[in-house]
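In what follows, chains are A, B, ... by sequence order, proteins preceding strands, each numbered from 1. Bear in mind the structure is a predicted one, so any value in this text is a computation, not a measurement.
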Protein chains: 4
Amino acid sequence: MKNYLFLVVFICYVSVLEAQEKPHSHASSRKIEFPDIDGFKTLVSDFHQHTVFSDGNVWPSIRVQEALRDGLDVISMTEHLEYLPHKNDIPHKDRNRAHDIALKEAENHDLIVVRGSEITRSMPPGHSNAIFIDDANKLLIDNPMSVFKEAKNQGAFVFWNHPNWIAQVEDGVAKLTKMHKKLLKNDLLHGIEVVNDKTYSDEALQIALDNDLTIIGASDIHGLIDWAFEIPKGGHRPVTLVFAKEKTESSVKEALFEKRTVVYFNDLLIGRKEYLIPLINASLNVIEAKYIEKSTVLSVTIKNDSDVDYLLKNLSKFTFHNHSDIVTLKSHESTTINIKTIEKLSTLDISFKVLNGILAPKINPDISFKINIDGF
Amino acid sequence: MKNYLFLVVFICYVSVLEAQEKPHSHASSRKIEFPDIDGFKTLVSDFHQHTVFSDGNVWPSIRVQEALRDGLDVISMTEHLEYLPHKNDIPHKDRNRAHDIALKEAENHDLIVVRGSEITRSMPPGHSNAIFIDDANKLLIDNPMSVFKEAKNQGAFVFWNHPNWIAQVEDGVAKLTKMHKKLLKNDLLHGIEVVNDKTYSDEALQIALDNDLTIIGASDIHGLIDWAFEIPKGGHRPVTLVFAKEKTESSVKEALFEKRTVVYFNDLLIGRKEYLIPLINASLNVIEAKYIEKSTVLSVTIKNDSDVDYLLKNLSKFTFHNHSDIVTLKSHESTTINIKTIEKLSTLDISFKVLNGILAPKINPDISFKINIDGF
Amino acid sequence: MKNYLFLVVFICYVSVLEAQEKPHSHASSRKIEFPDIDGFKTLVSDFHQHTVFSDGNVWPSIRVQEALRDGLDVISMTEHLEYLPHKNDIPHKDRNRAHDIALKEAENHDLIVVRGSEITRSMPPGHSNAIFIDDANKLLIDNPMSVFKEAKNQGAFVFWNHPNWIAQVEDGVAKLTKMHKKLLKNDLLHGIEVVNDKTYSDEALQIALDNDLTIIGASDIHGLIDWAFEIPKGGHRPVTLVFAKEKTESSVKEALFEKRTVVYFNDLLIGRKEYLIPLINASLNVIEAKYIEKSTVLSVTIKNDSDVDYLLKNLSKFTFHNHSDIVTLKSHESTTINIKTIEKLSTLDISFKVLNGILAPKINPDISFKINIDGF
Amino acid sequence: MKNYLFLVVFICYVSVLEAQEKPHSHASSRKIEFPDIDGFKTLVSDFHQHTVFSDGNVWPSIRVQEALRDGLDVISMTEHLEYLPHKNDIPHKDRNRAHDIALKEAENHDLIVVRGSEITRSMPPGHSNAIFIDDANKLLIDNPMSVFKEAKNQGAFVFWNHPNWIAQVEDGVAKLTKMHKKLLKNDLLHGIEVVNDKTYSDEALQIALDNDLTIIGASDIHGLIDWAFEIPKGGHRPVTLVFAKEKTESSVKEALFEKRTVVYFNDLLIGRKEYLIPLINASLNVIEAKYIEKSTVLSVTIKNDSDVDYLLKNLSKFTFHNHSDIVTLKSHESTTINIKTIEKLSTLDISFKVLNGILAPKINPDISFKINIDGF
């Protein structure tokens, strides 16, 4: 007798995890929310922002207020060292001013502000951000290599900005130059923006992977976050999720040097396997798994506790009763997948490809759920 | 000299199709809208509905009003012939009553109502709908094969309902029985529900393809459409898009017999290549293609004139400047894809896999755009 | 020295009531919510509804499901005794059927279903609903006065439906006829619809007040509540709020005979002073009253725990710092009124006319808040 | 025979104005829209704004972009002359800088930017804005009277800012000082803010009326308009509607001196009778008036072509069939009022008090519609 004719009459209610639904604290909030992963806090960062102190259009206090509204944990003001279009109006001698004003604004808030600066050169090496510096003024050095060395002296974490910027590479294709290779060889460059503003670069991601660089995404905001990223329509700025042991400046710095990041851009999550898969797993929890009465169709409910809609492709041999092989698990909602298991099972391993997760160009992560079904 | 170093300074503004944006007539409407395809009108149908005249909960007039609100072109009341739970209250002798009432309600509206009935048997053969019948009363025949023959005598189009129904097949897997094969052999069965209510069946689709059956999706509504399919939240009932030469009853019938259908269910479109690919092509129009100034990045704007969000996977060798290789073209919106063509091109052929289109289990359609770029 | 120059430097934070904001359980819900008043539960009722068993378009089960979605506490199916357009299809002998089906559907829900019927005559006396009857069949009597007597024998509460119905009074003006006076004299008529469907009648209200009748509002629904009252756009059906000692059928009946009602229609509340003013007072709570630092401007925050927006007109001698003399207290929100008290006060009595409350034609209720300000 | 028994059987369809509904260009837009009035264009202005050049938090370009998003016609940057908290960073010598930057940003847009400055003194005389000045630098004069004289020399329009500001008048009550009387006597003060930021002052309005001053409302924005006035929730900044012969700087100036203004604040319109009543009349158009079939109930449909919801109180002897005596005409919507005219009329004059219009403290405007009913 075939397995799928096997008859089970009673219902098996299975609570794989506790099923009580928490209230949607998130509904309609602009705060960016992702769960912590095992051993690390998931901190939301934006390390590339401008104010009137270089070519931005707001006072640094607005940047802090935007960050608080967006639920960010750590930010940096990264004014251009070499490009000061407002200098006739703001002839600032002290290149730490934007940071100092932001730091004061952030007092009494749970927001880390780290000192940074944008080294602003034509290509090569293009633009780079040095963050966790001691003094921006000391970076005012002509020779590009010398600036990077000074940044290193200050203990800075340095990343290459928008290597895909069409004003500097007309084909938009990020590529390493001889100077970049020299910077890498001398440990003067630690990260690379795979996402900048509204752009994404497969080639930058490949450079990160090939050269062991930290994967970074940032807003590079000059105007208003609310307008640039259409916050009222549900948009969000690109951010780097940093997996830090604690919510402290030193812990964030350590995490960046150890490449513990995932970039969140539109509906995408981009990162290394070691962090992206745990992040997806922490986001998705099976909250109920039960057979539909008088059937061998298993109803599995998965809650998504993150801000991103996960786009899954079924890798199992089973087909679904209420979906094709593509299933979207919407942000902060629970989704039920009815799985035709043919016979009643006591456990189920089911795997999916996460189409909006990116490990490398054209490579998506696979995740799997191990579901122990009680009541069998 | 490498192609991607080739320098073009001037801007090329290219209007591939007329670029003027029509006002969003659709915004926030519940009316289901898809464009016509070459040679055929795209008619929206729901051929499986119940009223108080069998086991539904509304008078037939409500079904007509729901259809008008949903922008449907053609409907049928398909009461169970053999299951009449309200018969003590509604001891109807005339099994055409639901249809006749609906037909009267639809007077003065541009809505076709075709006479139908649900042949309601245990498996095999399970439930089937006969539509375009002359008289439902004449289908009150005990022997199942005889009912199907009478339906054929009346010129009916007959389709198998919810072959995946777990009350009749406990594993939810649609499969042909001996009786179905006999029906097929005698040309007594012409279509099959691949989508019924909130369910989808890969196996039913395979049966349709293997046996040359028309692909059908329907609501099988018993309560209220607004509640069952969460209309206020943007949901919609499953429908069959019928590609008919004209908006007439006979033309719809011809289309069904000739298998000119695509099913629209949640975010999915399911259908044969001959109709699904033209439907997608009619939905998507390139309204502008121009190189971004001083770059070899081609900005292509595509307007989606349909109700479905298209989920595309890039099949070209080029990468995108503002998307990963997955791009969503939202319903009734325009989306811009910036393509890194490395050198300036005068034409571009670009192909995508449509992940939410289904030709067969695990098989998605590919589409391509041929873009002629002026101004080069 | 003038009072308003009196100087108080310190801030007085005053918690008149506990200030902690409860989560907006109500947000975007269609459930109708009003607070209880002192001594009574506020029950939401709709005592005028039709189904397919007279000239409505749904099975009674839909009426129960609509009521549950709307958060109603008590309903009645009130089929026309004398008007049965579906009688060829539904030749029901038992006029209690709609009620019995609804009652069964409401099992296991916290919803009271009371037996009712609509006595459907030309004017006079027009249409009337008899609710809390024992047997609708016994009301099938030709002589109108005899029907009302039989209803009384059954202990029914009887109210006059839509006395403003233009199909029966072409000017839409409710007016007592000789027959109505006779019904009143014999205690055969106990209430009157001041609101029916989308109509309101000042004249019906005056009749209620002049003749000591219970004030009633009801939907008189024939189609779907969701469509008729545009639920997805935030609309609601008209209901009668009944102030009952307990949530029981007998307690509701007692409340109706004792005229303990307020009608909720669009943005209006219509009722007798004894119930409307306590209802408004229970809806509105001062949750904070403090002087703004270094000023004599008192900041008073009022929470509105009801479904209606209250439209208040300032009756005090003081003007406001952030409003004109018209203030709207939005449904389920907190509103702050900054009052220019000229000198620092330890208590404040402030009165408002409630423009969307109606005690009698052209007469609105006045309410007042007694605010004890601590910290002075 | 009583008039209200008069029988008219046929329907009278009456198009008082052309009935074709224009598409809701406004829906969900943040652009502030009011119709022109007879002889004047209705221009939307905000003459009180700050940037980083005094104590604001944005570069002047952001103020221009906000104005464009809000659909403003004319703005002014009004930096404090005497209060420069950012002066260590922005040690500007030229007090015209904010204006000059804004003017440049507004190039190629249909937005008038007028040169202004805020004279920032302790009370008396408090703060005042001088707009339409030639050179802000020349206003840097110690003696307050001398500043106002210099402003006059430059041809400026000068208005008193927030006379109700509790930091300067602790009771929030606007009152004229000896110095203000002197300014008035010497024609050095021409307007007064009745609305500033989120405050409204009945007393300031009375001062305007008693002293023949122009009524002004302005945002006094320092941070972001979107946040301060909750634009995504449908809020708007307070503005002065200026009734100008043309959309030119000189025409706006003339209009201000001639007191042709109405202030739009939250749901209020505040202004002189000569302009407020024409504005309301231009906003509201009767688009249909017909008797409901077989009745003497006149159905009047009024379209509101403005951004404000009008809150009307019925002053006529007739009652309404679908409203109490309070009717809200929602912004950019059509509202139908069914009027019980007792007998069929060929014309109807109907008057309303506009509760959210303010002519003077506690005085609302009355408006009336003259409806010519054809087909009688």
Q: In sequence, state the C-alpha distance, the side-chain angles, and the governing distance for C:F320 and D:Y200, and then conclude on ring-ring contact (aromatic ring centres under 6.0 Å, His included).
A: CA-CA 8 Å; C:F320 300 152; D:Y200 162 78; 10.0 Å; no
Q: If you take all heavy atoms of C:S299 and C:I292, which pair is closest and at what distance?
A: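 In this case the closest contact between C:S299 and C:I292 is CB-CG1, 4.0 Å.
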Q: Decide yes or no for C:D325 and C:F318: does some side-chain heavy atom of the first lie under 4.5 Å from some side-chain heavy atom of the second?
A: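 The answer is no; the side chains never approach within 4.5 Å.
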Q: Would you say the ring centers of C:W165 and C:H127 fall short of 6.0 Å from each other?
A: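 Judged by ring-centre distance (under 6.0 Å), C:W165 and C:H127 do meet the cut-off.
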Q: Report which part of D:I166 has an atom under 4.5 Å of a heavy atom belonging to chain C: side chain, backbone, both, or neither.
A: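 For D:I166, backbone and side chain are both near chain C.
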Q: Quick check: do D:T347 and D:I373 have side-chain heavy atoms less than 4.5 Å from each other?
A: no
Q: Got D:E288 and D:K290 here, is their nearest side-chain heavy-atom distance under 4.5 Å?
A: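 Contact flag for D:E288/D:K290 side chains = yes.
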Q: Can you tell me which of D:V195, D:N322, D:T199 forms the most heavy-atom pairs within a distance under 4.5 Å of chain C?
A: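 The residue among D:V195, D:N322, D:T199 with the greatest pair count is D:T199.
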Q: Check whether D:N164 gets within reach of chain C through its side chain, its backbone, both or neither, counting any heavy atom under 4.5 Å.
A: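 Interface part for D:N164: both.
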Q: Relative to chain D, which of C:K313, C:H323, C:E203 shows the most heavy atom pairs under 4.5 Å?
A: C:E203
Q: Count the heavy-atom pairs under 4.5 Å between each of C:K340, C:H321, C:K198 and chain D, then report the option with the highest count.
A: C:H321
Q: Are D:D366 and D:K353 within salt-bridge range, i.e. N to O under 4.0 Å?
A: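 A salt bridge is present here (some side-chain N lies under 4.0 Å from a carboxylate O).
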Q: What part of D:F265 is in contact with chain C, defined as an atom under 4.5 angstrom from a non-hydrogen atom: side chain, backbone, both or neither?
A: side chain
Q: Output the option from D:N356, D:I270, D:T319, D:D267 having the highest count of non-hydrogen pairs under 4.5 Å with chain C.
A: D:T319
Q: Examine whether an atom of D:L311 lies under 4.5 Å from a heavy atom of chain C, and if so say whether it belongs to the side chain, the backbone or both; otherwise answer neither.
A: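 For D:L311, side-chain heavy atoms alone lie under 4.5 Å from chain C.
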Q: Between D:L355 and chain C, with a heavy-atom cut-off of 4.5 Å, which part of the residue counts as in contact: side chain, backbone, both or neither?
A: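 Both parts, backbone and side chain.
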